[in-house]
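Read the structure below first, then the notes.
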Amino acid sequence: FRITAEARALVVTPLPDGAAFPLVLRPTRFLDRSARATRVEAIAADGKPVRAVDFESDADSVRFTVSRADFAYRIAWE
């Protein structure tokens with residue numbers, strides 16, 4: 001998968017046609033600070049939100065299941 005940074009968010013784009021899998025991201029590996037996820041949403045290929053995604057988060061990680069049906073995910077941080 002690919003991870004790109006936006007202002008106050010990360011976008012995770014899985015490989016096309018991949019299987020569903022559980023994903024655990026550690027914000028300190030991608031941001032210059034620790035952060036807690038406040039929202040995870042599935043996004044379409046045009047960048048528009050499709051739906052909210054159930055997730056778990058603490059200061060060290062965010063966890064959710066990547067679905068084969070979703071193009072990408074936007075993870076908003078506080």
Side-chain angles (χ1 to χ4, degrees):
F1 55 87
R2 179 180 70 205
I3 298 176
T4 54
E6 294 183 344
R8 303 192 55 86
L10 293 175
V11 175
V12 176
T13 307
L15 294 172
D17 299 322
F21 62 92
L23 179 66
V24 178
L25 289 178
R26 303 203 185 285
T28 55
R29 296 197 181 232
F30 303 99
L31 306 171
D32 59 354
R33 60 183 172 80
S34 63
R36 181 182 292 269
T38 57
R39 184 178 69 246
V40 176
E41 57 191 3
I43 55 175
D46 63 5
K48 293 182 182 175
V50 175
R51 64 180 178 84
V53 175
D54 292 332
F55 70 98
E56 295 178 1
S57 178
D58 55 37
D60 296 325
S61 65
V62 60
R63 299 166 298 282
F64 62 95
T65 299
V66 170
S67 170
R68 183 178 183 174
D70 296 326
F71 177 78
Y73 300 89
R74 182 175 291 116
I75 305 165
W77 303 100
E78 61 178 26

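None of the values given here were measured: they were computed from a predicted structure.
Sorted by first and then second residue, the salt bridge (charged side-chain N to carboxylate O under 4.0 Å, His left out) pairs with a member in residues 45-56 read R51-D70, E56-R63; sequence neighbours excluded. For residues 4-31, the pairs satisfying salt bridge (charged side-chain N to carboxylate O under 4.0 Å, His left out) are E6-R74, with sequence neighbours left out.
The two residues V53 and A42 make their nearest non-hydrogen contact at CG2-N, 3.5 Å. Scanning both residues, V50 and A44, for their nearest heavy atoms gives CG2-N, 3.5 Å. Of all heavy-atom pairs spanning S57 and A37, the tightest one is OG-N, 3.0 Å. Annotation for V66 and P14: closest pair CG1-CG, 3.6 Å, computed over non-hydrogen atoms.
In terms of the side chain to side chain contact (heavy atoms under 4.5 Å, CB included) criterion, residue partners of A76 (sequence neighbours excluded) are, by chain and number, T38, R39. In this structure A72 satisfies the side chain to side chain contact (heavy atoms under 4.5 Å, CB included) test together with V11, T13, I43, sequence neighbours excluded. With sequence neighbours excluded, the residues forming a ring pair (Phe, Tyr, Trp, His ring centres under 6.0 Å) with F64 are Y73, listed by chain and number.
Annotation: side chain of L23 is in contact with side chain of F1 (closest heavy-atom distance under 4.5 Å).
The hydrophobic cluster containing L15, built from Ile/Leu/Val/Met/Phe/Trp/Tyr side-chain heavy atoms closer than 4.5 Å, comprises no other residue.
Connection of F71 to V40 is not established within any shared hydrophobic cluster, with ILVMFWY side chains joined at heavy-atom distances below 4.5 Å, either directly or through further cluster members.
Atom-to-atom distance recorded for L25:CG and I75:CD1 is 5.0 Å, nearest 0.5 angstrom.
With hydrogens and angles ignored, the 3.5 Å screen pairs no side-chain donor or acceptor of R36 with any backbone N or O of E78.
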